[in-house]
Amino acid sequence: MELLGYYNYWVFAVVLCLGLYTVITRNNLIKKLLGLSIFQSAVFLLYITMDKVDGGTAPIIQKGVSDPIFSNPLPQVLILTAIVVGVSTTALGLAIVVRIKESYGSIEEDDILARDSEL
Amino acid sequence: MNLNEHLAALQIVVPLLAVPLIALLQLRRMAWLVATLTSLMAFAIAVAMTVGVLNGQDYQYFMGNWQPPYGIELRVDALSALLLLVITAASSAALLASYHSLDTQIEPRRHALFYAAWILALAGLSGIAVTADAFNVFVFMEISSLASYVLMAGGPDRRGLPAVFKYLILGTIGATFYLIGVGLIYMMTGTLNLEDMAQRVTQVADQKPVLAAAGFITVGLALKAAMFPLHLWLPNAYTYAPHVVTAFLAACATKVSLYVLLRFDFLVFQDNLVSHPLRFASLLMPMAIFAILIASAVAMFEKNIKRLLAWSSVAQIGYITLGASLVTVSGLTASVLHIFNHALAKGSLFLAVACLAMRLPGLQLRDLAGCARSMPWTFAALVLGGLSLIGVPGTAGFISKWYLISALLTLGAAGVALVAVIVIGSLMAVVYIWRIVEQAYFQAPSNPAAPAAEAPLTLLVVTWVAVLANVYFGLQPALPLALSSSAAAALMGATP
């Protein structure tokens, strides 16, 4: 079953779509941000899964092991950076939601649009 | 130590080092001073590198002396030099203008943090232009985007907050798409260095993942660059941001994403994927045509000047992508030239709007009624900037439209139809600029008893310097022309 052999990529694709769907359909700003986080996590999975080598260990030189197989450390390093970016994006997004709540009294997108059109 | 070799790294390091310093400064005037000096220093570095590039020097810098493809390489050629000039000049001009303009918009105690975010955005944007590493581009893109969300959310109008939230969501989706694309290419080629990637992509047996990567990267960057129909975040985000922030980001933020798109596409994909030029053109060209026609039409009926100019930005991005979609040297020259010239025109127009906002109660068109009599200098600047946006001979806007039209005319009948699109777009620009002129010059003042006074002198001087740059580069286009034609030749260089 070649298709099932790529199951980790299927997980990536499904989680990605779930996140994007949440961002698009939810009306609540916090839920939108949650969707965005899920969407970004899917990409983390893509990077983590691509560096895995069958039987690979951590890329550390050990005594007595002459020809070790190890997983590629670079994508892990890259995605660590991307995780940091994701965390700061979520934090900033939440900060903006707090300010929206302070000035509009609501975090539902419909309410916010309605309140602006009242003016 | 030869300073010249390190200029590419200094372009990022100088602003990054200044950020914590500015954030710690309690006195807002000091924060402003340090931020402005940093920005001017970045401008000086960009000028020095431009001079070097024009003399045939190619700036290469290996971070930590790790040789590429393993280390991160910084590289400045004609295209990045042109972008750096635009970014640093826009930042410096807008910062000088912010001395007066910001006081009315942001509480004094938050000024220092605001300027720190500004310089962070400057560092991020310059980083994108300098680096030659695909993942590094993502990191700098997120640095600049996060900082610019902060800048845009600083405005006094509460409607700015939902607008920034939308920009944050869409900008993050765009950047994540780019990240997926880079990941897919890395899986197939095992490299992140753009130059190295271009060589290895040809050896990839299965092109499908690379094709998917091209799709993700193009759409992600199109979202960041507000290419029609992915522009929805732009009008409101620009309208409610503090005026100087709009002047800064309108001049360079979307252009930088376009720069990444051009660089990635022409360096990595164009020559190496089967029938890629056709696919690229058939995606970009319709989007460009719709952008020019629809966004200009919306701008004609817009009542708020800032939103009017923001819609016009969406249309102008259409001109830039139209040139690129031709996949010829002349088309790319026009496209890169328009990046420069549109930044000049839109930057000076938004600076003029910042002048208006100092003295007028609102920025709706009716608020302008008859104000040209009491603010002659501000409105003269607005009109000259508008002429450059339309593309009247003698201004910078004319030069790039001229090159775009002559690139299109080499295509034969289809080219003539596209020229018609450009002419219609420019005529619509005449209409929306004229609506401002009509209100300001030909209507009776709404409040004749207390006419609005001229804007503060420093603000006015900065605006006029920007406007005169439009006229100067309209009459003496040698500098941007040399940079953009050598950039276009380098981008197309891979294609024999």
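Labels below follow one simple rule: chain letters A, B, ... track the order of the sequence lines, proteins then strands, and each chain is numbered from 1.
Chain A forms the most heavy-atom pairs under 4.5 Å with one residue out of B:S145, B:P162, B:A153, and that residue is B:P162. Contact count versus chain A (heavy atoms, under 4.5 Å) is highest, among B:V164, B:V150, B:L179, B:V182, for B:L179.
Contact of A:I100 with chain B is made through backbone and side chain together, with heavy-atom distances under 4.5 Å. Only the side chain of A:Y9 comes within less than 4.5 Å of a heavy atom in chain B; its backbone stays farther off. Proximity to chain A is limited to the side chain of B:L192, based on heavy atoms less than 4.5 angstrom apart. Contacts of A:I112 with chain B are made by side-chain atoms alone, with heavy-atom separations under 4.5 Å and no backbone atom involved. Proximity to chain B involves both the backbone and the side chain of A:S103, based on heavy atoms less than 4.5 angstrom apart.
Both tests pass for B:R158 against the ring of A:Y104: distance under 6.0 Å to the centre and angle within 45° of the axis.
Ring geometry for B:F216 versus B:F177: interplanar angle over 60°, hence perpendicular rather than tilted (30 to 60°). Relative ring orientation between B:W233 and B:Y167 is described as parallel, the plane-to-plane angle staying below 30° on a 0-90° scale split at 30° and 60°. Ring planes of B:H231 and B:F228: parallel class, angle under 30° (limits at 30 and 60°).
Between A:E102 and A:R99 there is no salt bridge, since none of the side-chain N atoms of the basic residue sits less than 4.0 Å from a carboxylate O of the acidic one.
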